[in-house]
Amino acid sequence: MQEVIIKLLKEKNPAPLSGQSMARELGVSRTTVWKKIKALQKEGYVITGSPRCGYIMERIPERICPYELSAKLGTQNIAPDPSYIHCLASVDSTNELLKQMAEQGAPEGTVLIAEKQQQGKGRMGRNWSSPEGKGIYLSILLRPPLPPHNTSPLTLLAAVAACSGIKTVLPQLAPGIKWPNDLLLRGRKCCGVLCELKAEMDLIHYLIAGIGINVNTSLDELPPSLQETATSLQLENNGEKVSRTSVAAAILQHFDELYREYLAAGVAPVLDRWTSSNITLGKKVKIESPNFSFQGVARELDNSGALVVEGVRGERKHFAAGEVTIL
Ligand code: BTN
């Protein structure tokens, strides 16, 4: 019902719409309409007026909210309606909370977004700095009907979706993907992906794809250790503020299309799309993990999405995980 109220008020804007006509249209009492208006105001909608004189939608919320996000989507698997979208003011980590929701049976396509994270998680045990209202901190729940060894392309898919979503809203920017799933703008990181999986040998219980983007984040809102290497969409957009809702919607839209293509056609299209947006292949790289460090030229992805690096003696090594530095 809230969705319809928002739609009616927006259509009538800037003129007021009476509680009476909304009540008639919805087949409910004026008191019910008034209660729903109160609930929307709590969510951050600025709605002025009274039941008698009518209501005016002055402003939609600054924060990302399910109705505004859902109105921009036409997705099938990911957030097919607003009930799949959960927007919270503050969480420890959207990945962690979505895992708990998955354990309790939340369906595939559930999306969790927070205005801030107290303990945002990055890859390799790092933190993800998540200042309030500045970035997109978003996790998507998937339950792909695939054996667990088929899932690593999903982490590449998430990076392609984020890259395409940013390009859709800000075509003047040219993000590139550093293997496996960092997005860089002019050599600085603006987005990272953390995928987490719960599976048995033959069965995936669920996969959480967590995407973090610095959107309207200024450098001094990031930890000092990142100020040389990170950036945000606003900083790369000549300082102009960027709509977080538009970017989040575009990412979910692309994610939905790519995921359906992956389920129907397998890994090849994901690898092709990753390849056409990447800034890793052909470059001299160092790849590291706690257990190894190797230098060479990044040549290609193999069929599983692993990075093939050619060492100085021409030996080709396949890396399924690791941290790449472009030299
Ligand atoms: C990286 O290290 O590059 C990955 C960063 C992933 C951050 C996102 S923000 C939303 C989701 N929730 C988390 O705790 N982490 C991911």
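Residues: numbered from 1 along the sequence shown. Predicted model only: the values in this text are computed from it and were never measured. Read the numbers this way: they start at 1 and go in the same order the structure lists the ligands and their atoms.
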Exercise. Provide, to 0.1 Å, the distance between atom 2 (O) of ligand 1 and the closest protein heavy atom, together with that atom's residue and name.
Key: Arg123 N, 2.6 Å
Practice problem: Would you mind running through ligand 1 and noting each atom that sits below 4.0 Å from a heavy atom of Asp182? | Solution: 3 (O)
Self-check item: Ligand-residue contact atoms, ligand 1 with Gly120, heavy atoms, under 4.0 Å
Solution: 14 (O)
Quiz item: Can you tell me how far the CZ atom of Arg273 sits from the NE2 atom of His254, to the nearest 0.5 Å?
Solution: 10.0 Å
Quiz item: Is Met124 in contact with ligand 1, taking contact as a heavy-atom separation below 4.0 Å?
Solution: no
Quiz prompt | Option passing side chain to side chain contact (heavy atoms under 4.5 Å, CB included) with Leu258 (candidates Val160, Leu154, Leu156, Val270) | solution = Val160
Self-check item: Intermediate values then yes/no, salt bridge (Lys or Arg N to Asp or Glu O under 4.0 Å), Glu115 and Lys134
Solution: CA-CA 8 Å; Glu115 288 297 299; Lys134 300 295 176 160; over 6 Å; no
Exercise. Using a 4.0 Å heavy-atom cut-off, say whether Gln117 meets ligand 1 through its side chain, its backbone, both or neither.
Key: side chain
Quiz prompt | side-chain hydrogen bond (donor to acceptor under 3.5 Å, both in side chains) partner of His205, the single match among Lys198, Glu200, Glu103 | solution = Glu200
Quiz prompt | For atom 3 (O) of ligand 1, the protein heavy atom that lies nearest, with its residue and separation | solution = Lys189 NZ, 2.6 Å
Practice problem: Any chance you could lay out the side chain to side chain donor-acceptor pair (under 3.5 Å) test for Glu108 and Tyr259, step after step, and finish with the verdict? | Solution: CA-CA 12 Å; Glu108 165 154 286; Tyr259 183 55; 2.8 Å; yes
Quiz prompt | Atoms of ligand 1 close to Val193 [distance to a heavy atom under 4.0 angstrom, numbered from 1] | solution = 3 (O), 4 (C)
Self-check item: For Gly122, the ligand 1 atoms whose distance to one of its heavy atoms is below 4.0 Å
Solution: 1 (C), 2 (O), 4 (C), 5 (C)
Quiz item: Is the centre of the Phe319 ring less than 6.0 Å from the centre of the Phe292 ring?
Solution: yes
Quiz prompt | Close-contact set for ligand 1 against Trp128 heavy atoms, below 4.0 Å | solution = 3 (O), 5 (C), 7 (C), 9 (S)
Quiz item: When you measure from atom 8 (C) of ligand 1 to every protein heavy atom, which one gives the shortest distance, and what is it?
Solution: Gly212 N, 3.6 Å
Quiz item: Do any nitrogen or oxygen atoms of Tyr137 come within less than 3.5 Å of a nitrogen or oxygen of ligand 1?
Solution: no
Quiz item: Just heavy atoms, cut-off under 4.0 Å: does Asn181 contact ligand 1 by side chain, backbone, both, or neither?
Solution: neither
Quiz item: Can you tell me the protein heavy atom closest to atom 10 (C) of ligand 1 and the distance?
Solution: Thr94 OG1, 3.2 Å
Quiz item: With hydrophobic residues grouped by side-chain heavy-atom distances under 4.5 Å, do Leu141 and Leu207 end up in a single group?
Solution: no
Quiz prompt | Exercise: identify the closest heavy-atom pair between Glu236 and Leu173 | solution = O-CD2, 3.2 Å
Quiz item: Quick one: does ligand 1 sit under 4.0 Å from the side chain of Ser139, the backbone, both or neither, non-hydrogen atoms only?
Solution: side chain
Practice problem: Give yes if a backbone or side-chain nitrogen or oxygen of Gln119 is under 3.5 Å from a nitrogen or oxygen of ligand 1, and no if not. | Solution: no
Self-check item: Short N-O contact, Lys38 and Glu43, less than 4.0 angstrom
Solution: no
Self-check item: Sub-4.0 Å atoms of ligand 1 with respect to non-hydrogen atoms of Leu138
Solution: 10 (C)
Exercise. Before signing off on this row, confirm whether Ser93 and ligand 1 have an N or O atom pair separated by under 3.5 Å.
Key: yes
Quiz prompt | Lys12 atom NZ: more than 12 heavy-atom contacts under 6.0 Å | solution = no
Quiz item: In the protein, what heavy atom is nearest to atom 6 (C) of ligand 1, and what distance, to one decimal place, separates them?
Solution: Lys121 O, 3.5 Å
Quiz item: Between Thr32 and Ser29, does any side-chain donor sit less than 3.5 Å from a side-chain acceptor?
Solution: yes
